[in-house]
Amino acid sequence: MSRSPHATTVAPFPLTRLRRTRASAALRDLVRENSLEASDLIWPVFVVEGTSVEQDIPSMPGVTRKSIDKLVEAAREAADLGIPAICIFPYTDPARKTETCEEAWNPDNLSNRAIRAVKAAVPEIAVMTDIALDPYNANGHDGIVRNGEILNDETVEALVKMALAQAEAGADILGPSDMMDGRIGAIRRAIEAEGHRNLAIMSYTAKYASAFYGPFRDAVGASGALKGDKKTYQMDPANTDEAMRLVERDLAEGADMIMVKPGMPYLDICQRVKDTFGVPTFAYQVSGEYAMIMAASENGWVDGDRVMEESLMAFKRAGCNGILTYFAPRMARLLGQS
Ligand code: PBG
């Protein structure tokens, strides 16, 4: 992102014709202000038990839940396409979901086995995790629930155990997505104490209580389980200043990278975070955004490739360093062709 600190003076027509620099592809290439590359992309992937399994997710056409062997193949492909990171989300067997969520810090849970397998086979790709209790919680919430209340401090203790198990499994980037208070500091202190000096934290800092997560909850099998909504911990879509306070807080607690989520409806937040703090800033183009673009393009109502590219360029224009997107391999392939 480049922005002149001074307002530019535009000479009157015809001295200035702004169409001159749009008149040919060569000139357009020269004056282009932002670029989109495979190295800007993080690919969220869903993992499921079994071997040679690839299950379609009806609300996310083109996205599948993959068994670990298939996930490893996909990670190889992603690395070869120049995608620097994948982010692993597990589909947990409902029988393993409890009110106390202990499967979340089982060193051999599906997610931790997937991290180990990917790091063993494709060491150059960075593996990002999700830290939140919802895949393991009988009631679908990101935190421990008692008497209808989502408990903050007890949840943070559980998240620390979860983070340490992921660190042991070989994760490169921890992604706390739970929105409890104090979790970044608690996780940072715990991983430092265990000697994980270079383990990065990308905090889901400004995560909104959004209806755009619907298809994701189908993908991880949380839709049926969730009782109520997440409004006591995820942000109110009406707020901006609160996002700035969260960013300041997470940076002070030891976050390396900041995420805004969802993406397209919150580009103003991305831009304000980047302009205010100048820190590595990421957006998550979430499942509902993906589903909308896919549905429209499958109906022939929009050009899928072009809308995909334009939607991702918007994040770069807003100042994001990168984007988590289900389009990652498709976008990387398209960029490879041009
Ligand atoms: C869960 C989590 C969610 C997403 C990522 N991590 C869903 C939620 O908060 O309910 C959503 C991602 C997407 O919609 O693509 N902690």
Donor-acceptor contact present, side-chain [X] to main-chain [Y], <3.5 Å:
| X | Y | value |
| --- | --- | --- |
| Arg183 | Pro176 | yes |
| Tyr91 | Pro135 | no |
| Thr100 | Glu102 | no |
| Arg116 | Ala169 | no |
| Glu289 | Gly263 | yes |
| Thr155 | Ile144 | yes |
| Asn299 | Ala295 | yes |
| Asp130 | Cys87 | no |
| Asp93 | Arg96 | no |
| Asn321 | Phe282 | no |

Candidate pair Asp275 and Arg272, rule side-chain contact (heavy atoms from CB on, under 4.5 Å), full reasoning: CA-CA 5 Å; Asp275 285 354; Arg272 193 166 165 206; 5.8 Å; no

Residue Arg28 excluded, over 12 heavy atoms near CZ under 6.0 Å: yes

Within 6.0 Å of CE in Met235, more than 12 heavy atoms from elsewhere: yes

Sole candidate of Arg217, Lys230, Lys227 that passes salt bridge (Lys or Arg N to Asp or Glu O under 4.0 Å) when paired with Asp134: Lys230

With rounding to the nearest 0.5 Å, note down the distance linking [atom1] in [X] to [atom2] in [Y].
| X | Y | atom1 | atom2 | result |
| --- | --- | --- | --- | --- |
| Met292 | Ser287 | CE | OG | 10.0 Å |
| Thr205 | Lys261 | OG1 | NZ | 12.0 Å |
| Glu103 | Asn112 | CD | CG | 9.0 Å |
| Met202 | Thr129 | CE | OG1 | 10.5 Å |
| Arg330 | Glu309 | CZ | CD | 11.0 Å |
| Arg113 | Leu71 | CZ | CG | 12.0 Å |

Which atom names give the shortest non-hydrogen contact between [X] and [Y], and what distance separates them?
| X | Y | answer |
| --- | --- | --- |
| Leu199 | Arg188 | O-NH1, 3.0 Å |
| Met294 | Pro61 | CE-O, 3.6 Å |
| Thr64 | Ile57 | C-CD1, 3.9 Å |
| Ala79 | Ile125 | N-CD1, 3.8 Å |
| Asp178 | Asp142 | CA-OD2, 3.8 Å |
| Asn109 | Ala104 | ND2-O, 3.3 Å |

Asp69 vs Thr51, side-chain hydrogen bond (donor to acceptor under 3.5 Å, both in side chains): CA-CA, chis, key distance, verdict: CA-CA 6 Å; Asp69 55 323; Thr51 14; 5.7 Å; no

Looking at side-chain heavy atoms only, is the closest gap between [X] and [Y] below 4.5 Å?
| X | Y | value |
| --- | --- | --- |
| Ile201 | Ile184 | yes |
| Val53 | Arg65 | no |
| Arg19 | Arg22 | yes |
| Lys119 | Asp172 | yes |
| Pro237 | Phe212 | no |
| Val45 | Val47 | no |
| Glu73 | Lys66 | no |
| Val160 | Ile187 | yes |

Derivation and outcome, side-chain hydrogen bond (donor to acceptor under 3.5 Å, both in side chains), residues Asp268 and Gln271: CA-CA 5 Å; Asp268 57 322; Gln271 182 163 19; over 6 Å; no

Criterion side-chain contact (heavy atoms from CB on, under 4.5 Å) on Ile86 and Val122, from CA distance to verdict: CA-CA 11 Å; Ile86 61 169; Val122 194; over 6 Å; no

Plane angle bin for Phe89 and Phe216 - parallel if under 30°, tilted between 30 and 60°, otherwise perpendicular: perpendicular

Intermediate values then yes/no, salt bridge (Lys or Arg N to Asp or Glu O under 4.0 Å), Arg189 and Glu253: CA-CA 9 Å; Arg189 283 189 294 277; Glu253 289 187 16; over 6 Å; no

Ser311 and Gln285: CA distance, side-chain angles, deciding distance, side-chain hydrogen bond (donor to acceptor under 3.5 Å, both in side chains) verdict: CA-CA 9 Å; Ser311 72; Gln285 183 181 54; 3.0 Å; yes

Lys207 vs Tyr233, side-chain contact (heavy atoms from CB on, under 4.5 Å): CA-CA, chis, key distance, verdict: CA-CA 9 Å; Lys207 178 173 178 181; Tyr233 47 106; over 6 Å; no

Is it the case that one hydrophobic cluster holds both [X] and [Y], taking links as side-chain heavy atoms less than 4.5 Å apart, direct or via other members?
| X | Y | value |
| --- | --- | --- |
| Met128 | Leu81 | no |
| Phe46 | Ile68 | no |
| Ile83 | Met331 | no |
| Leu159 | Leu174 | yes |
| Val286 | Met257 | yes |

Verdict with supporting geometry, Asp241 and Arg245, salt bridge (Lys or Arg N to Asp or Glu O under 4.0 Å): CA-CA 7 Å; Asp241 288 340; Arg245 297 179 71 195; over 6 Å; no

Asn139 and Leu226: CA distance, side-chain angles, deciding distance, side-chain contact (heavy atoms from CB on, under 4.5 Å) verdict: CA-CA 5 Å; Asn139 53 58; Leu226 183 62; over 6 Å; no

